[in-house]
Colleague: 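Structure incoming, see below.
Computed from a prediction, not measured in an experiment: that's the story for all the values here.
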Amino acid sequence: MNDILDFGLDDLSPVDDDSEEAMEALWTGDLTVLSQHHTTPNGSHSFVLAHDRSVTWGIPGEPQLVAIAVARDLRQSTFTFETSQHATASFAQNWLAERGCPLERIALHGGDYIKPADHLTLQVEQQIQKSGTRYEVLDTYTSDDNPSEAWTLVNDSQATQAPVRLFYEEWNHGASTYTMREGAFPDVGVAQTWLDERSEPLPEPPEYSDHNGAVVRARIALSRSAGTSPPPQTGLDAPRASAAVPVQRAVQGKLL
C-alpha cells in the first residue's frame with residue numbers, strides 16, 4: 001500500500017470546468033490509498049482506489065471509497081479528472097475498469113487487507129467488477145456500527161426476473177474476513193422493506209436455482225469453503241441506525 005498521492009499535474013491545465021471542480025473538491029490529505037495504477041509511457045493515465053477518512057466522521061451512511069481516474073494529454077498540456085464515490089471496492093473497481101484500468105492492476109491483496117471469507121464472495125465481486133454498465137446504482141449505505149456492513153442497491157438491466165438487486169457486504173472483524181451476497185427483489189419498495197426489517201434471509205436471485213451450471217458450481221464452492229459466513233439472517237439491525245460516535249472499522253479490504 002502507498003499512502004502518497006501525487007498526480008503530477010503542476011504543469012498541466014484542466015481540460016474543462018468539470019475536471020477542475022473534481023480536482024478542487026478532492027482533499028488528498030483525507031485519503032488512504034488502497035490501490036493505484038499509472039500507465040506508461042509518460043504516465044498518461046492514473047487510476048486510484050482510496051478510502052476517504054473524512055467520510056467516517058461525516059453524514060452517516062455515506063460511501064467511504066473514492067475512485068479517481070486521471071487522463072493526461074501531454075501534447076496539449078491538459079488533463080481530465082474524474083472521481084466517483086462507492087460503498088464497496090468491487091463497484092469502484094468496475095468504474096475504474098470502464099475507464100481503461102485493467103482489473104488486475106487495481107486489485108486489493110496482500111499486506112493488511114482483509115480477505116474474502118469464501119468462494120461465493122469472490123464470484124459475486126468478479127461479477128460486479130466485470131459487469132460494465134449492467135448495473136444502475138440506485139442507493140448505497142455504509143455502516144460503522146454493529147453489524148459493520150455496506151450495501152449497494154441497483155437495477156440489473158440483464159435480469160428478466162426480480163431486477164432490483166442488493167449487493168450486501170458484511171465484515172467479520174475477529175476473523176479479518178468479509179462476505180458479499182446478492183439479493184433479488186421485484187422492486188425498490190420491497191428491497192427497502194427488507195433492509196428496514198431484516199425479518200427473513202436475503203432472497204436469492206431466481207437464477208441461483210436454475211441448472212445452467214455456473215451458479216450451481218458457485219453454490220457448491222460455497223458449501224465446501226471453510227469458515228463460510230451465512231447470509232444475513234433475522235436480527236440484524238436496520239442499516240439506517242448508526243452509532244452516535246463513529247468508530248474505525250475494517251474498510252473495503254484494509255484494516256485501519
Side-chain angles (χ1 to χ4, degrees), residues 34-37 45 47-51 63-69 71 82-109 113-142 149-171 178-188 190-192 194-195 202-210 212-222 231-232 251-253:
L34 303 179
S35 185
Q36 56 183 316
H37 171 59
H45 290 76
F47 304 96
V48 176
L49 173 55
H51 174 241
Q64 298 186 3
L65 295 183
V66 58
I68 307 165
E82 296 180 272
T83 65
S84 183
Q85 284 69 42
H86 303 272
T88 63
S90 50
F91 275 97
Q93 290 161 333
N94 167 263
W95 186 88
L96 290 167
E98 282 296 286
R99 281 149 183 80
C101 183
L103 284 171
E104 66 273 13
R105 297 291 187 177
I106 207 71
L108 304 181
H109 53 74
Y113 296 123
I114 65 173
K115 305 296 190 294
D118 49 50
H119 294 293
L120 185 54
T121 293
L122 289 172
Q123 271 211 330
V124 174
E125 287 190 312
Q126 291 170 4
Q127 174 182 315
I128 296 168
Q129 292 163 355
K130 299 177 180 179
S131 63
T133 58
R134 171 179 176 178
Y135 299 122
E136 176 195 1
V137 175
L138 305 174
D139 196 8
T140 69
Y141 195 82
T142 301
E149 64 181 28
W151 51 259
T152 303
L153 190 66
V154 306
N155 184 68
D156 184 353
S157 63
Q158 295 184 15
T160 57
Q161 301 179 60
V164 174
R165 301 298 169 93
L166 177 70
F167 290 96
Y168 178 93
E169 188 170 285
E170 184 174 15
W171 301 279
Y178 67 95
T179 57
M180 172 75 87
R181 297 292 183 262
E182 178 183 5
F185 301 89
D187 56 53
V188 173
V190 177
Q192 188 59 60
W194 186 91
L195 284 165
L202 185 66
E204 291 184 340
E207 58 267 23
Y208 276 36
S209 61
D210 69 21
N212 63 10
V215 174
V216 174
R217 286 194 298 273
R219 299 178 75 181
I220 291 174
L222 171 62
V251 291
Q252 304 305 332

Colleague: Evaluate side chain to side chain contact (heavy atoms under 4.5 Å, CB included) for Thr142 paired with Gln64, printing each intermediate quantity in order.
Modeller: CA-CA 7 Å; Thr142 301; Gln64 298 186 3; 4.0 Å; yes
Colleague: Does the side chain of Ile68 reach to within under 4.5 Å of the side chain of Val66, using non-hydrogen atoms?
Modeller: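 When only atoms from C-beta onward are counted, Val66 and Ile68 do touch, with a gap below 4.5 Å.
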Colleague: I need the minimum non-hydrogen distance between Pro163 and Pro186, along with the two atoms involved.
Modeller: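 Answer, listing the atom of Pro163 first, then Pro186: CD-O, 3.9 Å.
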Colleague: Under a 3.5 Å distance rule, please check whether Thr121 uses its side chain to pair with a backbone N or O of Met180 as donor and acceptor.
Modeller: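 Answer holds: yes.
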Colleague: Check whether any side-chain heavy atom of Tyr168 sits under 4.5 Å from a side-chain heavy atom of Glu182, and report yes or no.
Modeller: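 With C-beta onward as the side chain, the pair stays apart.
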Colleague: Is any side-chain N of the basic residue among Glu149 and Arg181 closer than 4.0 Å to the acidic one's carboxylate O?
Modeller: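 Looking at Glu149 and Arg181, the cut-off is not met.
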Colleague: If you look at every heavy atom in Ala87 and Tyr141, which pair is closest and at what distance?
Modeller: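 Scanning both residues completely, I find the closest heavy atoms to be CB-O, 4.1 Å.
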Colleague: With Gln93, which of Gln129, His86, Lys130 fulfils side chain to side chain contact (heavy atoms under 4.5 Å, CB included)?
Modeller: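 Passing option: Gln129.
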Colleague: Output every pair passing side-chain hydrogen bond (donor to acceptor under 3.5 Å, both in side chains) with a member in residues 153-163, not counting sequence neighbours, ordered by first then second residue.
Modeller: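 As it turns out, the side-chain hydrogen bond (donor to acceptor under 3.5 Å, both in side chains) pairs with a partner in residues 153-163, which skip direct neighbours, are Arg134-Asp156.
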Colleague: Glu125 versus Tyr178: any side-chain heavy-atom pair under 4.5 Å?
Modeller: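 Contact flag for Glu125/Tyr178 side chains = yes.
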Colleague: Write down the atom of Ala107, the atom of Ser35, and the distance for their closest heavy-atom approach.
Modeller: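 Nearest heavy atoms, Ala107 then Ser35: O-OG, 3.3 Å.
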Colleague: Using the side chain to side chain contact (heavy atoms under 4.5 Å, CB included) criterion, which residues pair with Pro102? Sequence neighbours excluded.
Modeller: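 In terms of side chain to side chain contact (heavy atoms under 4.5 Å, CB included), with neighbours along the sequence ignored, Pro102 is linked to His37, Glu104, Arg105.
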Colleague: Roughly how far apart are Leu122 CG and Gln127 CD, rounded to 0.5 Å?
Modeller: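 With rounding to 0.5 Å, CG (Leu122) is 12.5 Å from CD (Gln127).
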Colleague: Please give me the minimum heavy-atom distance between Ala89 and Leu65, naming the atom from each residue.
Modeller: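 Between these two residues, the closest heavy atoms are N-CD1, 3.4 Å.
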Colleague: Heavy-atom distance under 4.5 Å between the side chains of Leu202 and Phe185, does that happen here?
Modeller: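 Yes - at least one pair of side-chain heavy atoms lies under 4.5 Å apart.
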Colleague: Could you check Arg165 against Glu204 for salt bridge (Lys or Arg N to Asp or Glu O under 4.0 Å), going step by step and ending with a plain yes or no?
Modeller: CA-CA 10 Å; Arg165 301 298 169 93; Glu204 291 184 340; over 6 Å; no
Colleague: Can you name the closest pair of heavy atoms from Thr88 and Thr152 and give their distance?
Modeller: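 Heavy atoms only, the tightest pair is OG1-OG1, 4.1 Å.
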Colleague: Do Thr179 and Glu169 come close enough that some side-chain heavy atom pair is under 4.5 Å?
Modeller: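 Answer no - side chains too far apart.
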Colleague: For Tyr135 and Phe167, take the angle between the two ring planes, folded into 0 to 90°, and tell me which bin it lands in: parallel under 30, tilted 30 to 60, perpendicular over 60.
Modeller: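 Ring orientation of Tyr135 relative to Phe167: perpendicular.
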Colleague: Start with the C-alpha gap between Leu49 and Gln36, add the side-chain angles, then the distance that decides, and say whether side chain to side chain contact (heavy atoms under 4.5 Å, CB included) holds.
Modeller: CA-CA 6 Å; Leu49 173 55; Gln36 56 183 316; over 6 Å; no
Colleague: Under the side chain to side chain contact (heavy atoms under 4.5 Å, CB included) criterion, do Thr140 and Leu153 qualify, and how do the steps go?
Modeller: CA-CA 6 Å; Thr140 69; Leu153 190 66; over 6 Å; no
Colleague: Is there side-chain contact between Thr133 and Glu98, with heavy atoms separated by less than 4.5 Å?
Modeller: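 The answer is yes, as the side chains (C-beta and beyond) meet within the 4.5 Å cut-off.
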Colleague: Can you tell me how far the CH2 atom of Trp151 sits from the CG atom of Leu166, to the nearest 0.5 Å?
Modeller: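 Those atoms lie 7.0 Å apart.
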Colleague: Can you tell me how far CG of Leu103 sits from OG of Ser90, rounded to the nearest 0.5 angstrom?
Modeller: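 Those atoms lie 10.5 Å apart.
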